[in-house]
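First up is the structure itself, then whatever we jot down about it.
We name chains A, B, ... by the order of the sequence lines, and we start the count at 1 in each one.
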There are 2 protein chains.
Amino acid sequence: MLKLSRLTDYAAVVMAQIARHPQASHAAADLAETVQLPHPTVSKTLKMLVKAGLLTSQRGAQGGYRLARSASQITAADIISAIEGPVAMTECSQAQGECELAATCGVADNWQRVSLAIRTLLESVTLAHLAASTPIKLPVQLPIQSISLSAVSA
Amino acid sequence: MLKLSRLTDYAAVVMAQIARHPQASHAAADLAETVQLPHPTVSKTLKMLVKAGLLTSQRGAQGGYRLARSASQITAADIISAIEGPVAMTECSQAQGECELAATCGVADNWQRVSLAIRTLLESVTLAHLAASTPIKLPVQLPIQSISLSAVSA
DNA sequence: TTTATACAGGACTAAAATGGTACCCAATTG
DNA sequence: CAATTGGGTACCATTTTAGTCCTGTATAAA
């Protein structure tokens, strides 16, 4: 399926919710209530997002979470990385030289290019896009062009 | 990580190997030997690829596997779907109306667009590309354009 | 200063997906 | 018929994922 983990999905929903009310401080309990998900799980997700630097937290009464930067400066790739680690399709796309099958594999290079293309795409989608109810209009030439041969193998 | 499962990875490697010698019939044992992976696992993978219609098989002595169609007509998306099922980032990207959280979610539509963009990208990469040792040159305007608003929400 | 609020961190458990194996059957060739 | 090679199924071990809980700590307000 090549799908996101459920937690990542939650993270996106929660981030979008916060992004829609950027000036307020959002308590984990409130968010959990709003998005109809179990509180401890939402809480866990929020902590991961803080650790990744996408949210800031404030303890104590009237505390809660806020975006660390504007929604248009947070990308889908950021959110995914925060929960799942770096976006990469294969083991060897993240750290090269680790795969002892490289010799017989023969597809590693091209998978890496595909991986990069996907990453670029995900970096072009911002939280502002996701949170908006209007359809995304993705930038047209940029992402694909940047992954073609010249950019990668240079 | 948004990564492919290990079996999918194997599938790509094996498919590439077959694609490099399209006229020959490839026994599972030979392929396993060539790509240095356990025989039963490779065998399992091959069966899935047959079931998905990407390979044809011939039983008996001198039997083995061959591509069901030319390498340039088999896409990365085909291979991934064969092993992992349809390419979709979220639960609701594959079958709509299934998610009871849709009301509070608010990001479903846009995730689906992203999902579609990735699928389109993966469909533009063929087995011929993967098997070639030369870098892929992905088509430039096509995929991204096709996912922008008009194509999806129409 | 006390108290209630709310995040931080980590340990733990249950469930599911994944990967790998084994076994027996079916088809083909010679 | 015998040898080869794929087909199908069931099973097990491991890992990953998801979810829960508990204890600690910072902050704000009364």
Side-chain angles (χ1 to χ4, degrees), chain A residues 1-14 18 24-68 80 82-85 88-91 101, chain B residues 1-14 18 24-68 80 82-86 88 90-91 101:
Chain A
M1 256 271 286
L2 196 75
K3 73 161 179 262
L4 300 176
S5 85
R6 217 184 301 186
L7 285 186
T8 308
D9 216 340
Y10 297 168
V13 174
V14 169
I18 297 176
S25 196
H26 301 263
D30 294 350
L31 286 169
E33 170 66 21
T34 308
V35 302
Q36 286 291 297
L37 291 171
H39 176 184
T41 301
V42 168
S43 193
K44 188 182 194 174
T45 307
L46 289 165
K47 288 173 201 171
M48 289 192 258
L49 292 166
V50 169
K51 198 175 292 179
L54 305 185
L55 293 177
T56 58
S57 62
Q58 174 75 24
R59 293 185 179 189
Q62 313 309 316
Y65 295 92
R66 292 163 192 268
L67 297 185
I80 295 172
I83 310 294
E84 321 202 357
M89 295 191 64
T90 57
E91 294 296 340
L101 297 172
Chain B
M1 254 271 284
L2 194 74
K3 74 160 177 261
L4 300 176
S5 84
R6 215 184 301 184
L7 285 186
T8 308
D9 217 339
Y10 296 170
V13 173
V14 169
I18 297 177
S25 196
H26 300 263
D30 293 350
L31 286 169
E33 170 65 20
T34 308
V35 302
Q36 286 292 297
L37 290 171
H39 176 185
T41 301
V42 168
S43 194
K44 189 182 194 176
T45 307
L46 289 166
K47 288 173 201 169
M48 288 192 259
L49 292 167
V50 169
K51 198 176 292 179
L54 304 185
L55 292 178
T56 57
S57 61
Q58 174 75 25
R59 293 186 179 188
Q62 312 309 316
Y65 296 92
R66 290 163 193 268
L67 297 184
I80 295 172
I83 310 293
E84 320 202 357
T90 57
E91 293 297 341
L101 296 172

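Residues A:T41 and B:A28 each lie close to DNA chain D; by heavy-atom proximity, the contact nearer the 5' end of the strand is made by B:A28. Along DNA chain C, the nucleotide nearest to B:Q62 and the one nearest to B:I83 differ in position, and the one closer to the 5' end is contacted by B:I83. Of the residues near DNA chain D, B:A61 and B:Y65, the one whose nearest nucleotide (by heavy atom distance) lies more toward the 5' end is B:A61.
Taking atom NE2 of residue A:H26 and atom C1' of nucleotide C:dC7, one finds them 15 Å apart after rounding to whole Å. Atom C1' of nucleotide D:dG19 and atom CE of A:M48 are separated by 11 Å, given to the nearest angstrom. In this structure, NE2 of A:H39 is placed 18 Å from P of D:dA18, rounded to the nearest angstrom. Atom CG of B:L49 and atom P of D:dG8 are 13 Å apart (whole Å). A:R59 places its CZ atom 8 Å from the P atom of D:dT27, with the value rounded to the nearest Å. In this structure, CG of A:L46 is placed 12 Å from C1' of C:dA6, rounded to the nearest angstrom. Atom CD in B:E33 sits about 14 Å away from atom P in D:dT5, given to the nearest Å. Atom CG in B:L7 sits about 16 Å away from atom P in D:dT15, given to the nearest Å.
Checking the phosphate oxygens (OP1, OP2) of C:dG20, a side-chain nitrogen or oxygen of B:R6 falls inside 4.0 Å. Between C:dG20 and B:Y10, a contact under 4.0 Å exists linking OP1 or OP2 to a side-chain N or O. Side-chain nitrogen and oxygen atoms of A:S57 include at least one within less than 4.0 Å of the OP1 or OP2 phosphate oxygen of C:dA8. Contact annotation: B:S5 side-chain N/O to C:dG19 OP1/OP2 distance is under 4.0 Å. At least one side-chain nitrogen or oxygen of A:Q58 sits closer than 4.0 Å to the OP1 or OP2 atom of D:dA28.
With hydrogens and angles ignored, no donor-acceptor pair closer than 3.5 Å exists between the side chain of B:K47 and the base of D:dG6.
Residues A:M89 and B:I80 come closest through the heavy atom pair CE-CD1, 4.1 Å. The nearest pair of heavy atoms linking B:A68 to B:G53 is CB-O, 3.3 Å.
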Between B:V14 and B:T45, is a side-chain contact (heavy atoms from CB on, under 4.5 Å) present by the stated rule, with each step listed?
CA-CA 9 Å; B:V14 169; B:T45 307; 5.6 Å; no

Evaluate A:L7 against A:M48 for side-chain contact (heavy atoms from CB on, under 4.5 Å), listing each step before the verdict.
CA-CA 10 Å; A:L7 285 186; A:M48 289 192 258; 3.7 Å; yes

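With D:dT20, C:dA8, C:dA6 as the choices, the nucleotide that has an atom nearest any side-chain atom of A:P40 turns out to be D:dT20.
Surrounding CD of B:Q62 are at most 12 heavy atoms belonging to other residues, nucleotides or ligands under 6.0 Å away.
In this structure, the side chains of B:P40 and B:K44 stay at 4.5 Å or more apart for every pair of heavy atoms. In this structure, B:V42 and B:L46 have side chains that are in contact, with non-hydrogen atoms separated by less than 4.5 Å. Counting heavy atoms from C-beta outward, A:L67 and A:L54 have side chains that stay 4.5 Å or more apart.
Over its length, the helix from C:dT1-D:dA30 to C:dG30-D:dC1 turns its helix axis by 20°, as judged from the five terminal pairs at each end, rounded to 10°.
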